Undergrad: 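Just passing along the structure, written as structure tokens.
Please read all numbers here as calculations on a predicted model, not as lab measurements.
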Amino acid sequence: MNNLGDQSALRLVVVSNRLPFTAATKDGRLVFHASPGGLVSGLSAYLESYTQSPSNRDYLWVGWPGIEVGEESQEKLRSKAAKQHASPVFLDTKTMEGFYHGFCNNTIWPLFHYFPTYAKFDENDWSQYVKVNEAFRDSLIKIVQPNDTIWVHDYHLMLLPQLLREKMPDLPIGFFLHTPFPSYDVFRTLPTRWRRAILEGILGADLVGFHTIDYTQHFLRCILRILGIEHNFGQVLIDGERAVKVATFPMGVNYGQIRDSVKSDAVQQETQAQRAKLGNPKIVLSLDRLDYTKGIKHRLEAYATFLERYPQWLRRVVLMLSVVPSRLGSEHYEQMKEEIDKLVGRINGRFGAIDWSPIVYRYRFLPYHQLLSLLAMCDVALVTPLRDGMNLIAKEYVASRADQRGVLILSEMAGASRELGEALIINPNDESEIVDALKTALEMSEEEQVRRNQVMQSRLGRYDVIRWGQDFTGKLHSVKDQQRKFSARLMDKPTRERLIREYTNSENRILLLDYDGTLSPFKERPETAVPGAILLATLNALAEDPRNNLVIVSGRHRDLLHKWFGPLSIGIVAEHGAWIREKDKDWLPAIKVESNWKEKVRPRFFKTASRSK
Ligand code: F6P
């Protein structure tokens, strides 16, 4: 049920650099096409399901339309966008040059994908990055309504959560990164000011999500080493009061919809037409956006070695190489395109014959049904990125296997490899691993193919992109509820007066005082929360009143509490109640603590840990 009229229902505002559609000019007119990439396809699927829930009202997608739009055309674009639940942020070409081609594509993208030698550190690009994040904030401030939840996406907008938090302190904000988050040693190569601002920017969110546990841990390590902020099971305390959760949410695919679509007439017809053109060879698929992180050259070289080493496969196999144009005009992308063209020509020239081309190469945007038919018609998918945040093509390929046949060869450097362990997992830097995997895949029995795909399909079906989105937004709301529950509330006047009255009139009082967060504020480093002279004098004064029984209750170690409060005539409960010192008496254990069980479980832990490596 759609709740458009109910203002108490929730509205989700998704913010990403790109809108789900990209505008372009053709013959002086504005034309639109669907934006490429996993972020857009995944999120669109989730949002379609969003308004089905009765507690959700509507959604809005805020982003850049892909080109500079003159003032005269902005209204047209705005109304086109409104029909698709979208709101454009207009930015001029010069700003986008420094922001998008500069800081996003030439600094963050190479660094986060472990290509540090490609990374440029340009002060002007950084200032454009700050400026665009501020422009997004300014647009959002005008749009945000009560009951909105904001979900910021990806590396283009890492400063935005904190910029919004400064203006709207109570707003529920989530942040999700679609790329890898690199290890501390790589992240630290960013200039000090920038790396601090990026981490602080992300921590403006209430919930921060990553695709894999590794990326989550890298981020937590970076905030410790760079900002000095510790975490407790992914929970981070900002300024001693705002709890932020950092967690892992592996993005899924629209499993049910892919399963239905591959059976549709449009996809079936396209698949049959392609098959008829190619004849009967086995088809290996290579499908990516043009990017040096995707390992396309390594893959082509490995394919050439495969044909050389196993000539029995000549004429019996075809590589469908589909490359989707991307980041045109950027240095490394143009150069890479030329290298791929040359390599394809060389391989086809060397191994091909009049009636057989080892590689069928296409360089163009793919409509969705063509993409699906490509996935559906292939016997093997060769997904071998050098580094990839997730790689949804690998998941889409597995989902598209209606008859459960087909083999996925997957790079261990893709986030998806964490969930698709039944694929043939390879290291893309080791050519012989790709060559061997190709042979294994092409010769694999059907029973084995089905066995592997069945397991992966049931996993992908369980945690699809809709579950992913629900999981993230659900967690965001529960973090927000927790914050509200634990946030300090000022005592109102009547309550305070009653408390004082009852205290004054009573003859026998017990005062149970918690330490951290009560007698002392929470500190990022708990060892610095030492009681000061004023606190000690106050406690002493209270303890001297014979009508008072003072007890400090804490989770801290008894030795430390004894050092701080030992001389006072008060009771102390330490280590979450495990040790008690009654007023003017010695410490006694409250429970018998046995630790021999640890020896029994330890070997099991080690065994499980070594199996999962
Ligand atoms: O990998 C994260 C991602 O946002 C993809 O969804 C998208 O394909 C890419 O990065 C960015 O592409 P572009 O530069 O074309 O916006």
Undergrad: Could you go through the salt bridge (Lys or Arg N to Asp or Glu O under 4.0 Å) check for Lys439 and Glu443 one step at a time?
TA: CA-CA 6 Å; Lys439 183 162 184 292; Glu443 291 172 358; 3.3 Å; yes
Undergrad: Classify the ring geometry of Phe187 against Phe112: parallel below 30°, tilted from 30° to 60°, perpendicular beyond 60°.
TA: tilted
Undergrad: Donor-acceptor pair, Thr93 side chain versus Glu68 backbone, under 3.5 Å?
TA: no
Undergrad: Within a strict 4.5 Å, meaning less than it, do heavy atoms of the Arg401 and Met456 side chains meet?
TA: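 No; the side chains remain at least 4.5 Å from each other.
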Undergrad: With a 4.5 Å cut-off on side-chain heavy atoms, are Asp288 and Arg299 touching?
TA: yes
Undergrad: Which atom pair, heavy atoms only, marks the closest approach of Asn254 to Ala45?
TA: ND2-CB, 3.4 Å
Undergrad: Less than 4.0 Å between a side-chain N and a carboxylate O, is that true for Glu339 and Lys297?
TA: yes
Undergrad: Checking Arg452 against Glu448 for the salt bridge (Lys or Arg N to Asp or Glu O under 4.0 Å) test, could you report, in this order, the C-alpha distance in whole Å, the side-chain angles of both residues, the deciding distance, and whether it holds?
TA: CA-CA 6 Å; Arg452 289 169 183 255; Glu448 180 64 5; 2.9 Å; yes
Undergrad: Check the pair Asp379 / Arg275 against salt bridge (Lys or Arg N to Asp or Glu O under 4.0 Å), numbers first and verdict last.
TA: CA-CA 12 Å; Asp379 301 292; Arg275 262 280 169 201; 3.2 Å; yes
Undergrad: Can the ring centres of Phe306 and Tyr310 be said to be less than 6.0 Å apart?
TA: yes
Undergrad: Examine distances only and state if a side-chain atom of Thr216 and a backbone atom of Thr212 form a donor-acceptor pair shorter than 3.5 Å.
TA: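 Indeed, once roles are kept as given, a pair shorter than 3.5 Å links the two residues.
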Undergrad: Does the side chain of Gln404 pick up a donor-acceptor pair with the side chain of Gln457 at under 3.5 Å?
TA: yes
Undergrad: Please determine whether ring-ring contact (aromatic ring centres under 6.0 Å, His included) holds for the pair Tyr118 and His332, giving the CA-CA distance in whole Å, both sets of side-chain angles, and the decisive distance to 0.1 Å.
TA: CA-CA 9 Å; Tyr118 284 15; His332 295 295; 3.8 Å; yes
Undergrad: Taking C-beta and beyond as the side chain, do Met336 and Ile296 meet within less than 4.5 Å on heavy atoms?
TA: yes
Undergrad: Test Glu431 against Thr305 for side chain to side chain donor-acceptor pair (under 3.5 Å), laying out the working first.
TA: CA-CA 8 Å; Glu431 187 179 84; Thr305 308; 2.9 Å; yes
Undergrad: Has the side chain of Asp464 got a donor or acceptor atom that lies under 3.5 Å from a matching backbone atom of Tyr255?
TA: no
Undergrad: Please answer whether the main-chain N or O of Gly406 pairs with a side-chain N or O of Asn453 as donor and acceptor at a distance below 3.5 Å.
TA: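 The answer is yes, because a donor-acceptor pair under 3.5 Å joins these two groups.
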Undergrad: Do Tyr215 and Leu177 have side chains that get closer than 4.5 Å, going by heavy atoms?
TA: no
Undergrad: With side chains defined as the heavy atoms from C-beta onward, is the minimum distance between Trp313 and Lys282 less than 4.5 Å?
TA: yes
Undergrad: Under 6.0 Å between the ring centres of Trp151 and Trp468?
TA: yes
Undergrad: Atom OG of Ser183 and atom CD of Gln217: how far apart are they, to the nearest 0.5 Å?
TA: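 Those atoms lie 12.5 Å apart.
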Undergrad: Say you draw a straight line from OG of Ser286 to CG of Leu300; how long is it, rounded to the nearest 0.5 Å?
TA: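 It is 6.5 Å, given to the nearest 0.5 Å.
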Undergrad: Report the C-alpha separation of Phe365 and His33 in whole Å, then their side-chain angles, then the decisive distance to 0.1 Å, and conclude whether the ring-ring contact (aromatic ring centres under 6.0 Å, His included) test is met.
TA: CA-CA 10 Å; Phe365 288 102; His33 63 83; 5.2 Å; yes
Undergrad: Establish, yes or no, whether a centroid distance under 6.0 Å links the rings of Trp64 and Tyr100.
TA: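 Close enough - the centres of the two rings lie under 6.0 Å apart.
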Undergrad: Give the minimum heavy-atom separation between Cys222 and Pro182, together with the two atoms involved.
TA: SG-O, 4.5 Å
Undergrad: Any donor and acceptor pair, going by atom type alone, linking the side chain of Thr473 with main-chain N or O of Gly469 inside 3.5 Å?
TA: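 Checking the backbone N and O of Gly469 against the side chain of Thr473, a donor-acceptor pair under 3.5 Å is found.
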Undergrad: I'd like to know if the side chain of Gln268 reaches the main chain of Val262, judged simply by a donor and an acceptor atom lying under 3.5 Å from each other, with no hydrogens or angles considered.
TA: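 Between the backbone of Val262 and the side chain of Gln268 there is a qualifying donor-acceptor contact (under 3.5 Å).
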Undergrad: Ring centroids only, cut at 6.0 angstrom: are Tyr46 and Phe472 within range, meaning strictly under it?
TA: no
Undergrad: How far apart are the closest heavy atoms of Leu410 and Ala423, and which atoms are they?
TA: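 Leu410 and Ala423 have their closest heavy atoms at CB-CB, 4.1 Å.
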Undergrad: Could you walk me through whether Gln257 and Ser261 satisfy the side chain to side chain donor-acceptor pair (under 3.5 Å) test, starting with their C-alpha distance in whole Å, then the side-chain angles of each, then the deciding distance to 0.1 Å, before giving a yes or no?
TA: CA-CA 6 Å; Gln257 196 248 327; Ser261 302; 3.1 Å; yes
Undergrad: What do the steps show when you test Asp403 against Arg405 for salt bridge (Lys or Arg N to Asp or Glu O under 4.0 Å), and what is the final call?
TA: CA-CA 5 Å; Asp403 59 4; Arg405 281 180 299 186; 2.7 Å; yes
Undergrad: Aromatic ring centroids of His211 and Phe249 under 6.0 Å?
TA: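 When the ring centroids of His211 and Phe249 are compared, they turn out to be at least 6.0 Å apart.
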Undergrad: Would Arg364 and Gln370 count as having a side-chain donor-acceptor pair, cut-off 3.5 Å?
TA: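 Yes, because at least one side-chain N or O of Arg364 sits under 3.5 Å from a partner of the opposite role on Gln370.
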Undergrad: Are side-chain heavy atoms of Phe175 and Leu207 found at a separation under 4.5 Å?
TA: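 SC-SC contact between Phe175 and Leu207 ruled out.
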Undergrad: Go through Tyr333 and Arg327 one step at a time and tell me if the side chain to side chain donor-acceptor pair (under 3.5 Å) criterion holds.
TA: CA-CA 7 Å; Tyr333 294 77; Arg327 302 183 188 170; 2.7 Å; yes
Undergrad: Return the CG to OG1 distance between Leu386 and Thr293, rounded to the nearest 0.5 Å.
TA: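 One gets 7.5 Å once the value is rounded to the nearest 0.5 Å.
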Undergrad: Heavy atoms only: give me the nearest Leu307-Pro358 pair and the separation to one decimal.
TA: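 For Leu307 and Pro358, the tightest heavy-atom pair comes out as CD1-CB, 3.8 Å.
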Undergrad: Which distance, rounded to the nearest 0.5 Å, do you find between the CD1 of Ile223 and the CZ of Arg195?
TA: 14.5 Å
Undergrad: Say you draw a straight line from CD1 of Ile340 to CD of Glu338; how long is it, rounded to the nearest 0.5 Å?
TA: 11.0 Å
Undergrad: With ring centroids as reference points, do Phe219 and Phe210 lie under 6.0 angstrom apart?
TA: yes
Undergrad: Starting at CG of Leu190, measure out to OG1 of Thr107 and round the result to the nearest 0.5 Å.
TA: 7.5 Å
Undergrad: Does the Lys395 side chain pair with the main chain of Met251, one donor and one acceptor, at a distance under 3.5 Å?
TA: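 A pair under 3.5 Å: yes.
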Undergrad: Output yes when a side-chain donor or acceptor of Tyr184 lies under 3.5 Å from a complementary backbone atom of Leu224, and no otherwise.
TA: no
Undergrad: Counting distance only, does the side-chain N/O of His113 pair as donor-acceptor with the main-chain N or O of Trp109 below 3.5 Å?
TA: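 At least one qualifying donor-acceptor pair exists.
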Undergrad: For the pair Asn133 (side chain) and Leu160 (backbone), establish whether a donor and an acceptor sit closer than 3.5 Å, ignoring hydrogens and angles.
TA: yes
Undergrad: Compute the centroid of each ring, for His218 and then for Phe181, and state whether the two points are separated by less than 6.0 Å.
TA: no
Undergrad: Could you walk me through whether Asn427 and Asp430 pass the side chain to side chain donor-acceptor pair (under 3.5 Å) check?
TA: CA-CA 6 Å; Asn427 178 336; Asp430 187 341; over 6 Å; no
Undergrad: Taking side chain as C-beta onward, heavy atoms only, is Val383 less than 4.5 Å from Tyr397?
TA: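 Answer no - side chains too far apart.
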Undergrad: Heavy-atom distance under 4.5 Å between the side chains of Asp125 and Lys120, does that happen here?
TA: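 In short, these two side chains do not touch, never coming nearer than 4.5 Å.
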